[in-house]
> 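Have a look at this one.
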Number of protein chains: 2
Amino acid sequence: MNVNEYFDGKVKSIGFETSGQRSSVGVMTPGEYRFDTAAPEKMTVVAGEMVVKLPGNIEWQTFSAGDSFDVPGTSAFDIKVSDSVAYLCDYL
Amino acid sequence: MNVNEYFDGKVKSIGFETSGQRSSVGVMTPGEYRFDTAAPEKMTVVAGEMVVKLPGNIEWQTFSAGDSFDVPGTSAFDIKVSDSVAYLCDYL
């Protein structure tokens, strides 16, 4: 279990592994972020909401608590956060 | 947003507030823990599972991803974790 900070500490996450699945839970405070992926990821919103532009998309989509979306590996996606949002990220 | 550690770093959490709701997301590594509550809490399992003995109960109950349970304020509850588990805690 390791704590990571990104974007000057505006995004923090805790990495863990359960049943052999590598994942992290984290919190993003308000801001606009571009994340690069190595492995493909499944993101699930745990609390709050985020606005996301997925790779190859021109439209922004809103995801709320309980919603999830997949991101291809070796890509990048954009997230806008207007109020803090908690997420689960599964590395696929 | 603040990172907290409990039980010699075996439990870590990130506190945040969204839409006026104070919450935290965290990870518990394998172990047995007794948590004291100040405010009442709603706990939701985000990934993995935990075995819980709620205040006043003699039986242990298993909660898996998606399950939640309420804990009264000014009480204590016990959690057993055999593989890492991620949780959301809402302070009610």
Side-chain angles (χ1 to χ4, degrees), chain A residues 1-33 39-52 62-70 79-92, chain B residues 1-33 39-52 62-70 79-92:
Chain A
M1 176 170 56
N2 54 307
V3 176
N4 290 298
E5 297 197 3
Y6 309 94
F7 303 103
D8 296 323
K10 293 178 73 181
V11 176
K12 293 181 182 174
S13 71
I14 305 170
F16 65 99
E17 189 171 321
T18 190
S19 297
Q21 168 65 55
R22 224 164 43 84
S23 304
S24 63
V25 284
V27 174
M28 303 179 192
T29 51
E32 209 166 324
Y33 310 104
E41 297 177 1
K42 178 186 181 187
M43 290 279 287
T44 303
V45 179
V46 169
E49 70 174 37
M50 55 175 72
V51 183
V52 179
T62 300
F63 295 95
S64 303
D67 294 342
S68 62
F69 56 92
D70 290 324
I79 297 187
K80 288 184 202 169
V81 175
S82 58
D83 196 3
S84 290
V85 60
Y87 65 92
L88 168 70
C89 178
D90 296 314
Y91 303 100
L92 304 177
Chain B
M1 176 170 55
N2 54 308
V3 175
N4 289 299
E5 297 197 3
Y6 308 93
F7 303 103
D8 295 323
K10 294 178 73 181
V11 177
K12 292 181 183 176
S13 72
I14 305 171
F16 66 99
E17 189 171 321
T18 190
S19 298
Q21 169 65 55
R22 221 164 44 83
S23 305
S24 63
V25 284
V27 174
M28 302 179 194
T29 51
E32 209 167 324
Y33 310 105
E41 298 177 0
K42 179 186 180 185
M43 290 279 288
T44 302
V45 179
V46 168
E49 70 175 36
M50 56 175 72
V51 182
V52 179
T62 300
F63 295 95
S64 304
D67 294 341
S68 62
F69 56 92
D70 289 324
I79 296 187
K80 288 184 202 169
V81 175
S82 58
D83 196 2
S84 290
V85 60
Y87 66 91
L88 168 70
C89 178
D90 297 314
Y91 303 101
L92 305 176

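Convention: sequence-line order gives letters A, B, ...; per-chain numbering from 1.
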> Quick one: what part of A:S23 sits under 4.5 Å from any heavy atom of chain B, side chain, backbone, both or neither?
neither
> Got a sec: does the CG of A:D8 have more than 12 other heavy atoms crowding it under 6.0 Å?
no
> Please answer whether the main-chain N or O of A:T18 pairs with a side-chain N or O of B:D83 as donor and acceptor at a distance below 3.5 Å.
no
> So which part of B:V11 gets closer than 4.5 Å to some heavy atom of chain A, the side chain, the backbone, both or neither?
backbone
> Give the minimum heavy-atom separation between B:I14 and A:K12, together with the two atoms involved.
CD1-O, 3.5 Å
> Report the option among A:V27, A:V3, A:V25 that has the most heavy-atom pairs separated by less than 4.5 Å from atoms of chain B.
A:V27
> Of all the heavy-atom pairs spanning B:E17 and A:S84, show the shortest one and how long it is.
O-CB, 3.4 Å
> With a 4.5 angstrom heavy-atom cut-off, is it the side chain or the backbone of B:S24 that approaches chain A, or both, or neither?
neither
